[in-house]
Novice: 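Below are the structure tokens for one structure; questions will follow.
Note that this is a predicted model, so its numbers are computed, not measured. In what follows, chains are A, B, ... by sequence order, proteins preceding strands, each numbered from 1.
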Amino acid sequence: MTDEFIQPLLGWYDENKRILPWRDQHNAYYTWVSEIMLQQTRVEAVKPYFERFIRELPDIPALAACPQEKLLKLWEGLGYYSRVRNMQLAAQEMVEKYNGKLPENFSLLISLKGIGSYTAGAIASIAYGIPVPAVDGNVFRVVTRMTEDSEDITKPAFRKKTEKALQEIIPVDRPGDFNQAMMELGAVVCVPNGQPKCLICPVRDYCLAGLHGTMEKYPVKAPKKPRVIEERTVLVIQDGNCTAIRKRPSKGLLAGLYELPNTEGYLSREEALDYVKDLGTEPLYIEELPDAKHIFSHIEWRMKAYLIRVSSLEQTHAPGILFADKKESERNYAIPSAFGAYAKYMKEEIQ
DNA sequence: AAGGCGGGGAT
DNA sequence: ATCCCAGCCTT
């Protein structure tokens, strides 16, 4: 790969870069937080989360000391919740070993929890001006199109090859801008899903796919396996004041978040009433709620649900069941979006 | 090397 | 419906 495209790319970046809350702050903590949030997550989704997170946890010691419930609440709805747990583990390690600051070299950065090859490169180059590449999905797309490379980008070997190639040409005077310019180009011009905007591309003269009209053949990715479909029944169990919720296990899907009680399979009204009686409470009323669906990357939940009024949740003897006050539940418990179709009933008074 | 892990916007 | 996003971790 030649470096001739770099000056046009940087010139375009200087003129067209988006204004983002974490840019030009010269604060490595902001760079880190934004890069973690941006993993597999779009810029527009991250913006409001970033602002709130920085407001609540303005520095690394604050993050290291934050109660986990509050941490998950700050991440609620953003997904991939292990990101924020790992970030806190890394923050605690920084407080212990690095005077509460991010280490200023690539190998120490990548040794921290949740910081992989991409994120270490991004922080090192953007926050500290260290000339190392930061190869994400955007960069894969831009590079494979520019070089018409048909290798499978999901192979770790391809990442290594790409990082090595970019390491050799990354401009030492502007490594952070170069990495951001590559990603910005991928996000705004050399887009996925449909036609890239080659007519306005600053590096079109250096792009083989663009010159040959083969843009949509790249990048090449191995097909992913299909989602598994799961049928579940969700129960909104309420007395006059509270809704029953429970905390999910500390490992696996949606670890540590709160959920409405739910079971594998579709329950009949009678089975749903039996479930409630097994909790030790007396059902007074049952109503079927609309079906809902939630799609994770690897699972699809098809949900049936019942709203059940009971005399008093205080009688519950089942372990792990909590009574969430209708007004306080929203403030205190992180509930994943998968329950969004039913979580709204937690706030309503039953007729 | 393969699979788990969220959620949402664009096509 | 399908893709894929400023990926990383565990097995």
Novice: Ignoring the backbone of A:Thr119, work out which of C:dC8, C:dC4, C:dA6 is nearest its side chain.
Specialist: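 For the A:Thr119 side chain, the nearest candidate turns out to be C:dC8.
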Novice: If you pin A:Asn193 and A:Ala255 to their nearest nucleotides in DNA chain B, which one's is more 5'?
Specialist: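 First, find each residue's nearest nucleotide; the 5'-ward one identifies A:Ala255.
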Novice: According to a strict under-4.0 Å criterion, is A:Tyr81 in side-chain N/O contact with OP1 or OP2 of B:dG7?
Specialist: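 For B:dG7, OP1 or OP2 has a side-chain N or O of A:Tyr81 closer than 4.0 Å.
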Novice: One thing to verify: whether A:Arg269 and A:Glu271 come together as a salt bridge, which I'm taking to mean a side-chain N less than 4.0 angstrom from a carboxylate O.
Specialist: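 The answer is no: the pair does not qualify as a salt bridge.
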Novice: If we take the P atom in both B:dT11 and C:dA6, what is their distance in whole Å?
Specialist: 14 Å
Novice: Do the side chains of A:Lys161 and A:Glu151 get close enough for a salt bridge, i.e. N-O under 4.0 angstrom?
Specialist: yes
Novice: Assign A:Asn179 to base, sugar-phosphate, or nothing according to its heavy-atom contacts below 4.0 angstrom with the strands shown.
Specialist: nothing
Novice: Tell me whether A:Lys304 is salt-bridged to A:Glu231, with the criterion being a basic N under 4.0 Å from an acidic carboxylate O.
Specialist: no
Novice: For A:Arg145, is there an ion pair with A:Glu216 - N to carboxylate O distance below 4.0 angstrom?
Specialist: no
Novice: So what does A:Arg141 hit on the nucleic acid, given a heavy-atom distance under 4.0 Å: a base, only sugar-phosphate, or nothing?
Specialist: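 Contact class for A:Arg141: sugar-phosphate only.
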Novice: Considering only C:dA6, C:dT10, B:dG7, which nucleotide approaches the side chain of A:Ala187 most closely?
Specialist: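 Minimum distance to the A:Ala187 side chain belongs to C:dA6.
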Novice: Figure out the NZ/C1' separation between A:Lys225 and C:dC3, and round it to whole Å.
Specialist: 18 Å
Novice: Taking the minimum atom-to-atom distance to the side chain of A:Leu38, which one of B:dG8, C:dG7, C:dA6 wins?
Specialist: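 From the listed options, C:dA6 comes nearest.
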Novice: Looking only at side-chain N and O atoms, does A:Ser82 come under 4.0 Å of OP1 or OP2 in C:dC8?
Specialist: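 Checking C:dC8 against A:Ser82, no side-chain N or O comes under 4.0 Å of OP1 or OP2.
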Novice: Please evaluate the base of B:dG6 for a donor-acceptor partner in the side chain of A:Thr41 within a cut-off of under 3.5 Å?
Specialist: yes
Novice: Classify the angle between the aromatic ring planes of A:Phe5 and A:Tyr206 as parallel (below 30°), tilted (30 to 60°) or perpendicular (above 60°).
Specialist: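 The arrangement is tilted - the two ring planes meet at 30° to 60°.
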Novice: Return no unless some side-chain N or O of A:Lys251 is found under 4.0 Å from OP1 or OP2 of C:dC9.
Specialist: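 For C:dC9, OP1/OP2 do not have a side-chain N/O of A:Lys251 under 4.0 Å.
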Novice: OP1 or OP2 of C:dG7 less than 4.0 angstrom from a side-chain nitrogen or oxygen of A:Gln40, does that happen here?
Specialist: yes
Novice: Among the candidates C:dA6, B:dC5, B:dG7, find the nucleotide nearest to the side-chain atoms of A:Pro336.
Specialist: B:dG7
Novice: Which part of the nucleic acid, if any, lies within contact of A:Ile115, taking any heavy atom under 4.0 Å across all strands shown: a base, the sugar-phosphate backbone alone, or nothing?
Specialist: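 Sugar-phosphate, no base atom in range.
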Novice: In whole Å, I'd like the distance from the CZ atom of A:Arg227 to the P atom of B:dG3.
Specialist: 16 Å
Novice: Can you identify which nucleotide, out of B:dG6, B:dG8, C:dA6, has its nearest atom closest to the A:Ser337 side chain?
Specialist: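 Between B:dG6, B:dG8, C:dA6, the one nearest the side chain of A:Ser337 would be B:dG8.
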Novice: Which value, in whole Å, describes the distance between the P atoms of nucleotides C:dT11 and B:dG6?
Specialist: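 Rounded to whole Å, the distance is 15 Å.
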Novice: Is the closest basic N to carboxylate O distance between A:Glu76 and A:Lys73 below 4.0 Å?
Specialist: yes
Novice: From the options C:dC4, B:dG6, C:dC9, select the nucleotide whose nearest atom is closest to the side chain of A:Lys224.
Specialist: C:dC4
Novice: May I have the distance from A:Glu44 (atom CD) to B:dG7 (atom P), rounded to whole angstrom?
Specialist: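 Going from CD in A:Glu44 over to P in B:dG7 covers 19 Å.
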Novice: Report which part of the nucleic acid A:Ile123 touches: base, sugar-phosphate, or nothing (heavy-atom distance under 4.0 Å, all strands).
Specialist: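 It contacts nothing in the nucleic acid.
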Novice: Under 4.0 Å, heavy atoms only, any strand: does A:Gly252 hit a base, just the sugar-phosphate, or nothing?
Specialist: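 The residue A:Gly252 makes sugar-phosphate contact but no base contact.
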Novice: On DNA chain B, check which nucleotide each of A:Pro156 and A:Ile335 is closest to and give me the residue with the more 5' one.
Specialist: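 Nearest-nucleotide comparison on DNA chain B picks A:Pro156.
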Novice: So A:Tyr80, base contact, sugar-phosphate only, or nothing? Heavy-atom distance under 4.0 Å.
Specialist: base
Novice: How long is the line joining CD1 of A:Ile110 and C1' of C:dG7, in whole Å?
Specialist: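 Spelled out: CD1 on A:Ile110 to C1' on C:dG7 is 11 Å.
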Novice: Check the orientation of A:Tyr345 and A:Tyr342. Use parallel for under 30°, tilted for 30 to 60°, and perpendicular for over 60°.
Specialist: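 The rings of A:Tyr345 and A:Tyr342 lie parallel, inter-plane angle below 30°.
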Novice: Which nucleotide in the set B:dA2, C:dG7, C:dC4 lies at the smallest distance from any side-chain heavy atom of A:Arg42?
Specialist: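 Shortest atom-to-atom distance from the side chain points to C:dC4.
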Novice: From CG of A:Leu253 over to P of C:dT10, roughly how many Å is that when rounded to an integer?
Specialist: 17 Å
Novice: Taking only N and O in the side chain of A:His298, is any of them less than 4.0 Å away from OP1 or OP2 of B:dC5?
Specialist: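 Yes, because at least one side-chain N or O of A:His298 sits under 4.0 Å from OP1 or OP2 of B:dC5.
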